[in-house]
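Numbers restart at 1 for each chain; the letters A, B, ... are given by sequence-line order, proteins then strands.
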Number of protein chains: 2
Amino acid sequence: MSSPQNQFLEYLAKNKMAATEQRRIVLEVFLGTQGHHSCEELYAHVSKRDSSISPATVYRTIKLIAESGIAESLDFGDGITRFECRHDREHHDHLVCIRCNRRIEVMEDRIEELQEKLACKHEFEVHRHKMILYGICPDCRKQ
Amino acid sequence: MSSPQNQFLEYLAKNKMAATEQRRIVLEVFLGTQGHHSCEELYAHVSKRDSSISPATVYRTIKLIAESGIAESLDFGDGITRFECRHDREHHDHLVCIRCNRRIEVMEDRIEELQEKLACKHEFEVHRHKMILYGICPDCRKQ
DNA sequence: TTATCAAATGAGAACCGATGTCAAGACATG
DNA sequence: CATGTCTTGACATCGGTTCTCATTTGATAA
Ligand SMILES: [Mn+2]
Ligand SMILES: [Mn+2]
Ligand SMILES: [Zn+2]
Ligand SMILES: [Zn+2]
């Protein structure tokens, strides 16, 4: 498997899009982060590297990065779209603490299997799914 | 179990809120609908009954109806908050067609159980969850 | 009943993440 | 290089929702 940088360049080439300096920088900054980040947060990091890059370019570029398969967009229901890196990572879902917003990443094969069966039963062809469990995390329960 | 009307009145009384004509009408209109409806759609129906009621009141009231437990707010990820009636209905999740937006309601006890176990494993106290499977519905697959 | 006053309403402004517009600038191709 | 298209930064605009505030209404007590 190629590096995310090459994967992105291939995606750009295949779609006849230019490999600009801004796109390279946004990708580098994104790859340098961990967790789930909003465009606003990414823009703050990008600005430190090159303050001339605009928020609009960050919005545009992270969307391309997601379309190339390197990032996944996440919607935790608070009106802010976040992105996380998909490169060399397995699929997972999230537990979200409604007190402190802590997010725990989880994966349960049997749930995934049952989701597929459930869809199959309705002759539905699943492309993706979203499963979020909202509640109180261990730390917040102790308080 | 009392009627949703009484349940709402009890909720209002308990929170020292007035049982206004507008609130009664929005509830009646909401109860008269089936499926998943946005505030804009509800407002259109409410207007037919009483054209003096404002959109803001519909937004405010449906939120109270949800807080009272009669409605549930749904987020299918398209930026529009929808509401569906919870009164005398079991919990369910949704399959969403990314072509025609058709929504199929599903319920799988084993998934619900595994979700609870999964949360338990992380010492997480689940309050609610969201599970949506996005894909192509049977009708759209045939095309 | 009627008076009282906090609560709710309608109208419209404001919010805010995100997208659109467009002239100026940068990239790929020869 | 020169060319033509793509991309960019700046800024306007969008749309669902929330806020603000003067006016009206409903709950409670006289
Ligand atoms: Mn994650
Ligand atoms: Mn439903
Ligand atoms: Zn927490
Ligand atoms: Zn369909």
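- Ring geometry, H92(A) versus H94(A): the interplanar angle exceeds 60°, so the pair is classed perpendicular (tilted spans 30 to 60°).
- Counting only heavy atoms from C-beta outward, the side chains of M131(A) and K130(B) never approach each other to under 4.5 Å.
- Between the side chains of E105(A) and H36(A), at least one donor-acceptor pair of N or O atoms lies under 3.5 Å.
- Looking at H37(A) and F83(A), their side chains never come closer than 4.5 Å, going by heavy atoms from C-beta outward.
- Counting to the nearest Å, the C1' atom of dA27(D) and the CG atom of L9(B) are 14 Å from each other.
- If you take NZ on K48(A) and OH on Y43(A), they are separated by 12.5 Å, rounding to the nearest 0.5 Å.
- At its two ends the helix from dT1(C)-dA30(D) to dG30(C)-dC1(D) runs along axes set 40° apart, each axis drawn from five pairs and the angle rounded to 10°.
- Note on E84(B) versus R89(B): salt bridge recorded, some NZ/NE/NH1/NH2 to OD/OE distance being below 4.0 Å.
- What separates CG of D78(B) from C1' of dA18(C) is a distance of 15 Å, to the nearest Å.
- Here dG17(C) presents its P atom at 14 Å from CZ of F83(A), a figure rounded to the nearest Å.
- Computed from coordinates, the I80(A) CD1 to dC16(C) P distance equals 11 Å when rounded to whole Å.
- Within residues 30-69 of chain B, the residues that have a heavy atom under 4.0 Å from DNA chain C are, in order of number, S52(B), I53(B), S54(B), T57(B), R60(B).
- Summarising the geometry of I132(B) relative to V96(B), their closest heavy-atom pair is CG2-CG2, 3.5 Å, with the distance given to 0.1 Å.
- The environment of R49(A) atom CZ is dense: over 12 non-hydrogen atoms of other residues, nucleotides or ligands sit within 6.0 angstrom.
- Between C39(B) atom SG and K63(B) atom NZ the span is 8.5 Å, to the nearest 0.5 Å.
- For the segment residues 13-25 of chain B, residues with any heavy atom less than 4.0 angstrom from an atom of DNA chain C are, sorted by number, M17(B), A18(B), T20(B), Q22(B), R23(B).
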Applying side-chain hydrogen bond (donor to acceptor under 3.5 Å, both in side chains) to E112(A) and H91(A), what does each step give before you reach the verdict? CA-CA 10 Å; E112(A) 306 279 324; H91(A) 162 75; 3.1 Å; yes
